[in-house]
Amino acid sequence: MASGRIGDIEFDAPSDAVARALIGATLLVDGVGGRIVETEAYDETDPASHTFNGPTKRNAHMYGPPGHAYVYRSYGLHWCLNFVCREPGHGAGVLLRAIEPTDGLAEMRARRRLEDARILCAGPGRLTEALGITLAHGGLRLDRPPFFLQAAAEPLEVLAGPRIGISKAVDAPWRFGLAGSRFLSKPFPRGTARALK
DNA sequence: CTTTCGATGATCT
DNA sequence: GATCATCGAAAGG
């Protein structure tokens with residue numbers, strides 16, 4: 001079984017295509033989550049990627065089968081969740097940066113000790129806290145519990161622009177977001193983003 | 001609205 | 001020893 005298709009999204013593909021395809025998809029972890037509204041693509045050709053210098057202990061899951069999770073600790077404090085893709089060279093993935101909370105609001109508010117739904121999952125560290133993601137989720141497949149993933153029911157307008165929080169390859173337009181969403185980690189400033197059909 | 005800074009620890013050189 | 005795919009609070013315009 002070589003298909004990397006999960007929830008109607010093809011993960012056996014370049015990370016920028018996957019990052020784009022994930023916008024609007026529903027992601028739940030143990031029934032808690034919502035609609036993905038912001039992602040970023042990373043791969044081995046990319047100086048900002050954890051995989052730029054090849055396999056290491058930390059990034060091992062990025063070299064495993066597509067459609068699985070890669071979780072890492074950020075700044076010693078936060079967890080960040082990636083979806084593993086596959087492209088020539090391997091070591092590619094999509095960082096989940098923001099979700100529009102729809103399911104399990106009470107659970108997410110309790111975990112985040114925060115009422116405001118608008119920023120409950122607006123950031124890579126925030127969304128993992130809200131969904132209860134930790135290193136223990138690293139390497140798990142996305143097509144079975146605790147994960148649930150389903151593509152958007154209809155085409156949506158997506159923006160592409162420069163990524164956030166990196167110091168290398170800062171101009172590559174590998175950040176994707178749902179146009180008009182109020183749940184992004186940051187806006188896509190006019191002039192820096194391109195609308196995709 | 002903006003910028004700055006501390007927290008905190010794994011990872012890699 | 002430096003660098004982080006970050007967050008939140010605080011301070012300044």
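By convention in this document, chain letters (A, B, ...) are assigned in the order of the sequence lines, proteins followed by strands, and residues within each chain are numbered from 1.
- Looking at T128(A) and H137(A), their side chains never come closer than 4.5 Å, going by heavy atoms from C-beta outward.
- Ion pairing of D116(A) with R118(A) is absent here, as no side-chain N (NZ or NE/NH1/NH2) approaches a carboxylate O to less than 4.0 Å.
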Show me the donor-acceptor pairs, under 3.5 Å and distance only, between side chains in residues 17-33 of chain A and residues at least two apart or in other chains.
unit_1 : atom_1 : unit_2  : atom_2 : d
R20(A) : NH2    : K197(A) : O      : 3.3

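- Residues passing the side-chain contact (heavy atoms from CB on, under 4.5 Å) test with H78(A) are S74(A), sequence neighbours excluded.
- As judged by a 4.0 angstrom heavy-atom cut-off over every strand, L95(A) is placed among the base-contacting residues.
- Interface residues of residues 117-136 of chain A facing DNA chain B, ordered by number: none; criterion, heavy-atom separation under 4.0 Å.
- The separation between F83(A) atom CZ and dA5(C) atom C1' is 15 Å, rounded to whole Å.
- Applying the salt bridge (charged side-chain N to carboxylate O under 4.0 Å, His left out) test to E87(A) and every residue at least two apart in sequence or in another chain returns nothing.
- Taking atom CZ on R113(A) and atom P on dA9(C), their separation rounds to 11 Å, with Å as the unit.
- Between D171(A) and R163(A) no salt bridge is recorded (no basic side-chain N to carboxylate O distance below 4.0 Å).
- At the heavy-atom level, R112(A) lies under 4.0 Å from the strands shown only through sugar-phosphate atoms.
- A salt bridge links R5(A) with E10(A): at least one charged nitrogen is closer than 4.0 Å to a carboxylate oxygen.
- The side-chain tip of R175(A) points at the ring of F188(A) from less than 6.0 angstrom away and within 45° of straight on.
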- Reading DNA chain B 5' to 3', how would its secondary structure be written in dot-bracket notation, given Watson-Crick and G-U pairs with both distances under 3.5 Å, brackets [ ] for crossing pairs and | for partners on other strands? |||||||.||||.

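- The shortest distance between the side-chain N/O atoms of S167(A) and the OP1/OP2 oxygens of dC4(C) is below 4.0 Å.
- Between H50(A) and Y42(A), the distance from one ring center to the other does not fall under 6.0 angstrom.
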- Message: Walk along nucleotides 7-13 of chain B from 5' to 3' and tag each nucleotide B, S or - by protein heavy-atom contact under 4.0 Å, base first, then sugar-phosphate.
- Response: BBB-SSS

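- Between the CG atom of L184(A) and the P atom of dT6(C) there is a distance of 15 Å, given to the nearest Å.
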- Might you work through the side chain to side chain contact (heavy atoms under 4.5 Å, CB included) test for H68(A) and L142(A), ending with a clear yes or no? CA-CA 5 Å; H68(A) 288 229; L142(A) 301 173; 5.6 Å; no

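- Where L114(A) and Y42(A) meet DNA chain C, the nucleotide closest to each residue was compared, and Y42(A) sits on the side nearer the 5' end.
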- Dump the intermediate steps for side chain to side chain contact (heavy atoms under 4.5 Å, CB included) on F11(A) and L149(A), then the final yes or no. CA-CA 12 Å; F11(A) 283 92; L149(A) 183 64; 3.7 Å; yes

